Number of protein chains: 2
Amino acid sequence: MDAAKPKSFVSAQMVAERAGVSRSAVSRTFTDGASVSEPTRRKVLEAATALGYHVNHLARGLRERSNIVCLVVADMTTPIRARMVDILSRKLQAADKIIMVINTESQTESVAAALRQTLNYRADATVVLSGTPPASLIETCLANGQQVVLINRDDRLSGSHNLGVDNAMAGREAFFLLHRAGCKRLGLVTSTAGTASLLERERVFLEVAAKAGVEVSVIAAGPTSYASGSEAARRIFGRSRAPDGVFCVTDLLAMGFMDTARFEFDLHVPEDLCIVGFDDIEEAAWQSYRLTTFSQPLDEMADHVVALVLDPGMAGAERRIFEPVPVWRKSVRPSAG
Amino acid sequence: MDAAKPKSFVSAQMVAERAGVSRSAVSRTFTDGASVSEPTRRKVLEAATALGYHVNHLARGLRERSNIVCLVVADMTTPIRARMVDILSRKLQAADKIIMVINTESQTESVAAALRQTLNYRADATVVLSGTPPASLIETCLANGQQVVLINRDDRLSGSHNLGVDNAMAGREAFFLLHRAGCKRLGLVTSTAGTASLLERERVFLEVAAKAGVEVSVIAAGPTSYASGSEAARRIFGRSRAPDGVFCVTDLLAMGFMDTARFEFDLHVPEDLCIVGFDDIEEAAWQSYRLTTFSQPLDEMADHVVALVLDPGMAGAERRIFEPVPVWRKSVRPSAG
DNA sequence: TTGAAAGCGTTACCAC
DNA sequence: GTGGTAACGCTTTCAA
């Protein structure tokens, strides 16, 4: 602790003066692998702590990589997104990266603005969790030597890294889960968001059901949320020929659906109604729900992202698909027999 | 689109050369309020888009403020935390700030490391949502002209801005809610985290109960989570003289507690058991829970943080208390007429 | 081992 | 309105 308390940031210069050495010496003290004699080193360190000096990484980033990784994300409060951000930031930090979060709307325009920010701050890499950026901007990022990683987004986009889960598998499995449980009339609850992942789960579910000759009513009541799931239930059970088995394209939808089915229509799960979700958010395991669903291998996915970010030389334009794993709980009847 | 695709970031220099002007002209084109003639402006803009130029904010931050605001947070996946980060980042972004997230453990040591990072990146301000940083480091931040904002942390810490909710009020109200509902034996479910906010709610609840001559059994089964709430219920209902009214210091605890009370001990809420929570997370409104709780005025709080961050001259060392608002739902019996 | 000097990409200040 | 130059704080040659 010392009296010398400047009202703006301390520079290496000041430390050098106080320690009676050159700025070079100061710099060397703080870059490992540089040669400084023990005495100077000590003098520098002492002056530094007295002054409260901290190396300016912004200035350092002027010459080398910035070590900044940008996470572009919408709907952060959604459990699945919160977990993605959590895991990703943890692992990236462990790899000495700094996390910059851009909380955006998922409209293309907002995502574009986010990417531009990314460029402004010379981020080493950008990870897009929501929305679909315009291809031209991705190219600009790549041209500037920045990595672009798209998670659960559209298809491969020129040179960007791409990872997603096997939505087709989920759609297919969901159908068979319900089919094997003996459900006769099926429902598909989806959102109006219309993202590629959701659409794919939907498409395959419908396709397989059609092939099996099972009729499916489709409902999209709003964005991906508990409220939309609720609303979907109200609409679907207001009709005659209500389904006895439903695939909700997301856990959040499933929980809203299940709750209003039980509390407003007095249906019993899984006796009267079987429900399958997707994401395996924590709430799905809660005793009020015990939702059968699919879990995304978030850890593996995050590991892959880190590898991509760390190794710029890694072959780009690759699409890597991860297998969601079915999580059996109690919202689907065990298959007869 | 152009052939000139460098593999590293484009500088103003390059743009200047291509446009046939000086770098000053380029700089002026991108700082508003600077005077450039329309023709040069156009030439610059054209060259810039062709090259994919983006102003380097890192370099800009060398002279002025960095516009970076750092959020230090633990337990990001927790609904209340996720919402805080979401709201805060939204509002700060709207004020042209860039959000840097440091996902940390809440141990003092990790928080300290986070603050040092904050310094390294010349953040204009640091907002601490979890853990308690050492006072000496806060001083260093302040000395370096950085704002420090502590949310729901300990008391005022030398010069840092401080905001929190009125936990005493919540503890008191929680008691009266249960008391008026006619509960005879009370329970207090808390976490082993032992943060200042939790402790305060706890303390006042016990104090008021003691004054009213009502006995309270206290249980802390683990960290602040659904699982801990569950475990608390198992322990408390394993005993004789189980409570018929419980204050859970957090919604997450409340939901775990409620679920195992109902599903494992066949208790009915609110007939056999009244429950009060705190936070008003989204899940509290779900039909399976309808939890009576207190909501933190997150919007107001975030607005205040933004004001603090934007106006460095604002009187420091102030503690601002926000009033949580009681949210009546169905987990507490209406008080007997 | 050390210090001087150049360079990183900006912007602010000066002359013109 | 425009271009040159200094300065921001750092790291990295290069001599000594």
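Just so we're clear, the structure is a prediction, and the values are computed from it rather than from any experiment. Chain naming here is simple, since letters A, B, ... match the order of the sequence lines and numbering starts at 1 in each.
Atom CD of B:Glu46 is surrounded by 12 or fewer heavy atoms from other residues, nucleotides or ligands within 6.0 Å. Crowding of B:Glu109 atom CD: a count of heavy atoms from other residues, nucleotides or ligands under 6.0 Å not exceeding 12.
Separating the CD atom of B:Glu17 from the C1' atom of D:dG4 is a distance of 15 Å, rounded to the nearest angstrom. Rounding to whole angstrom units, CG of residue A:Asn120 and P of C:dT11 are separated by 10 Å. Per the geometry, CG belonging to A:Leu119 stands 14 Å off P belonging to C:dG9, to the nearest Å. The nearest whole Å value for the distance from the CZ atom in B:Arg41 to the C1' atom in D:dT2 is 16 Å. In this structure, CZ of B:Phe9 is placed 11 Å from P of C:dT10, rounded to the nearest angstrom. The CD-C1' distance, from B:Glu38 to D:dT2, rounds to 16 Å in whole Å. Put simply, NZ on B:Lys43 is 12 Å from C1' on D:dG1, counting in whole angstrom units.
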Between protein and nucleotides 10-16 of chain D, map the contacts as a letter string: B base, S sugar-phosphate only, - none, heavy atoms under 4.0 Å, written 5' to 3'. SBB----

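If you check C:dG3, D:dT2, D:dG9 against the side chain of A:Leu62, the one that comes closest is D:dG9.
In this structure the side chain of A:Asn56 never reaches within 4.5 angstrom of the side chain of A:Ser11, judged on heavy atoms. Considering only heavy atoms from C-beta on, B:Val111 stays 4.5 Å or farther from B:Thr132 through its side chain. Looking only at side-chain heavy atoms (C-beta outward), B:Ile102 and B:Cys70 come within less than 4.5 Å of each other.
Look at A:Ser37 and you'll find a side-chain N or O under 4.0 angstrom from OP1 or OP2 of C:dT2. OP1 or OP2 of D:dG3 sits under 4.0 Å from a side-chain N or O of B:Ser22.
Considering B:Met76, B:Gln107, B:Arg81 in turn, B:Arg81 is the only one that fulfils the side chain to side chain contact (heavy atoms under 4.5 Å, CB included) rule with B:Ser130.
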